[in-house]
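Contents: one structure, followed by commentary.
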Amino acid sequence: MHTKTIDSICKMNGVMPVLKLNDAQQTAGIGRALIEGGLTVLEVTLRSEYGLSAIKQLKQLYPEAIIGAGTVTNVDQFKACIDMGADFIVSPGSTSELLDFGAQSNMPFLPGVSTVSEIMTAMEFGFYKLKLFPASIVGGPSFLKSVYGPLPQLEFCPTGGVTADNARDYLQLPNVMCVGGTWLTPPTLVEKRDWSGVKDLARYASSNLNTMSSYES
Ligand code: 3PG
């Protein structure tokens with residue numbers, strides 16, 4: 001039974017690393033660096049063959065951390081992530097199959113949208129907390145400001161083009177619950193297995209970008 005809601009998960013740190021993990025050693029190094037740096041909510045994508053195993057590994061290593069599955073594009077993957085012990089599910093876009101399955105499941109689910117029509121479809125299935133992807137391409141903070149006019153009841157996690165430099169532009173908006181992205185694990189650091197460099201990025205994000213206090217209930 002999952003007791004946390006998707007918005008409480010998103011608001012925990014305000015910043016959610018999006019990860020592509022390739023093997024057990026890398027998963028342990030990155031997981032530890034991010035969690036010790038203060039980012040305790042991680043989205044592990046299914047973009048690598050090791051993705052599903054990485055979810056299970058991180059849940060075993062850090063039972064107190066919140067480990068979600070990302071880049072979930074179909075119902076079979078959604079079910080496989082439940083089996084691996086994922087705490088939440090993120091999809092880059094929405095299909096009616098995924099929205100229907102997500103609405104029936106008690107698993108916290110953050111469906112992806114990139115247009116107002118997709119947002120309205122997600123609302124029809126009962127989803128009011130959404131991932132905006134690819135955020136910087138579809139209009140960035142200006143898109144979210146425009147959506148807030150007609151649809152103020154929605155909250156978003158923008159990802160895609162978010163960095164330490166522009167994260168605040170999103171986080172200061174009333175309809176943003178957190179930002180996500182891969183900038184916390186840049187290839188330059190990951191290739192060198194520079195986990196202390198990753199920890200520094202995480203520490204900066206957790207101490208400087210967690211501006212969520214005004215949204216806490
Ligand atoms: C995601 O899946 O959320 C995005 O791929 C993250 O995009 P980024 O690499 O631009 O951070």
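Everything numeric in this text was worked out from a predicted model, so none of it was measured. The chain is numbered in sequence order, starting from 1. Atoms within a ligand are numbered from 1 in the order they appear, just like the ligands themselves.
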Contacts of Asp100 that satisfy salt bridge (charged side-chain N to carboxylate O under 4.0 Å, His left out) - sequence neighbours left out
none

Path from Met120 to Val138 over hydrophobic side-chain contacts below 4.5 Å
yes

Can Leu39 be reached from Val44 by stepping across I, L, V, M, F, W or Y side chains whose heavy atoms are under 4.5 Å apart?
yes

I'd like a table of the close N/O pairs between ligand 1 and the protein (anything under 3.5 Å), one pair per line with both atom names and the distance.
residue	atom	partner	partner atom	Å
ligand 1	2 (O)	Arg47	NH2	2.3
ligand 1	2 (O)	Lys131	NZ	3.3
ligand 1	3 (O)	Lys131	NZ	2.7
ligand 1	3 (O)	Thr159	OG1	2.6
ligand 1	5 (O)	Arg47	NH1	3.3
ligand 1	5 (O)	Arg47	NH2	3.1
ligand 1	9 (O)	Thr182	OG1	2.6
ligand 1	10 (O)	Gly161	N	2.8
ligand 1	11 (O)	Thr182	N	2.8
ligand 1	11 (O)	Thr182	OG1	3.2

Can you confirm whether the side chains of Thr5 and Asp7 place a donor and an acceptor under 3.5 Å from each other?
yes

Val198 to Leu184 - nearest heavy-atom pair and separation:
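Looks like CG1-O, 3.6 Å.
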
Could you tell me whether Gln104 atom CD has more than 12 heavy atoms of other residues or ligands within 6.0 Å of it?
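Counting neighbours around CD of Gln104, more than 12 heavy atoms of other residues, nucleotides or ligands fall under 6.0 Å, so yes.
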
